[in-house]
Amino acid sequence: MIIKQRLAKIKDTLPEDVTLIAVSKTYPVDTIKEAYNAGQRIFGENKVQEITQKQPLLPDDIQWHLIGHLQTNKVKYIAPFVSLIHSVDSEKLLIEINKRAEQNNRVIPVLLQVYIAEEETKFGFNESELDQILSPDHIEKYRFINVSGLMGMATNTDNEQKVQGEFKKLKSVFDRLQKETKSLGNVDFKYLSMGMSSDYKLAILEGSNMVRIGSAIFGSRS
Ligand SMILES: *Cc1c(COP(=O)(O)O)cnc(C)c1O
């Protein structure tokens, strides 16, 4: 019951054009069902092993998003069913996703992860790498991938101004690339995935239209 209430409260505050990803990592299938029964259909997981275990046990109309770092040798396990991969952070991964998508007779939508935080451990492309990847003769090779936008994670800090600055930066890169890629067949900049439980309100103010929220729905993971 509490999950239903938390979901309703969050949804109340989200503008209509913002998509909510319920981040269910570490939570059991029964807990996910509670959110499903409350109407939630999009769930995010950060580990391939976990997403592939849970997917067959839950209803078919769930859209599964992979939001965590992805190793190339694991793409094959999620390629048949994944709805959106948020965390594409290398050329190697694009090559592998394209190959596995073709084998599964489908186009896999992805977001390019952008490095916006200060922390050394964060994955993602910088702006000049994005420009290279999204150059027309380059990206159009990946016929079984649709590049649907960008994802970023802000620095994990209480310093709101810093987080806000990082979100602003990512939004401006998103806006520029959205314009520059308009004519490309397999690029469709629809989604800017930024914001988690601690910072999604700020992310939305700064232009996010896809938020990845875990603990504010399911409780702390401890
Ligand atoms: C865990 C996770 C989230 C959600 O974090 P919460 O603080 O629980 O909302 C969002 N994005 C990514 C990439 C994550 O790994």
Hey, is [X] close enough to [Y] for a salt bridge, meaning N to O under 4.0 Å?
X: E206; Y: K168; value: yes
X: E127; Y: K169; value: yes
X: E96; Y: K92; value: no
X: K179; Y: D175; value: no
X: K182; Y: D188; value: no
X: K4; Y: E34; value: no

Would you say [atom1] of [X] has more than 12 non-hydrogen atoms from neighbouring residues, nucleotides or ligands within 6.0 angstrom?
X: F144; atom1: CZ; result: yes
X: K76; atom1: NZ; result: yes
X: N73; atom1: CG; result: yes
X: K9; atom1: NZ; result: no
X: Q103; atom1: CD; result: yes
X: D158; atom1: CG; result: no
X: N156; atom1: CG; result: no

Checking side chain to side chain contact (heavy atoms under 4.5 Å, CB included) for the pair L111/S148: CA distance, chi angles, key distance, verdict? CA-CA 6 Å; L111 306 179; S148 308; 4.0 Å; yes
Side chain of [X], backbone of [Y]: donor and acceptor closer than 3.5 Å?
X: Q178; Y: K190; answer: no
X: R176; Y: K171; answer: no
X: Q53; Y: Q55; answer: no
X: D89; Y: L112; answer: no
X: T155; Y: T157; answer: no

With a 4.5 Å heavy-atom cut-off, do [X] and [Y] have their side chains touching?
X: I204; Y: L202; result: no
X: F167; Y: Q164; result: no
X: H65; Y: M210; result: yes
X: V23; Y: F218; result: no
X: V173; Y: L150; result: yes
X: Y200; Y: I213; result: yes
X: R212; Y: H86; result: yes
X: L177; Y: D131; result: yes

Between K25 and R221, is a side chain to side chain contact (heavy atoms under 4.5 Å, CB included) present by the stated rule, with each step listed? CA-CA 9 Å; K25 65 186 184 195; R221 284 179 296 272; 3.4 Å; yes
Which pair of heavy atoms, one from [X] and one from [Y], lies closest together, and at what distance?
X: D61; Y: Y36; result: OD1-OH, 2.6 Å
X: G68; Y: S87; result: O-OG, 2.5 Å
X: R143; Y: V107; result: O-CG2, 4.1 Å

Answer with yes or no whether the hydrophobic clustering places I85 together with L130; edges join I, L, V, M, F, W, Y residues whose side-chain heavy atoms lie under 4.5 Å apart. yes
Please evaluate residues I133 and E91 with respect to the criterion side chain to side chain contact (heavy atoms under 4.5 Å, CB included), reporting the C-alpha separation (whole Å), side-chain torsions for both, the decisive distance (0.1 Å), and the verdict. CA-CA 8 Å; I133 283 180; E91 186 80 44; 3.7 Å; yes
Does the gap between the ring centers of F189 and F174 come in under 6.0 Å?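 Yes, ring centres under 6.0 Å apart.
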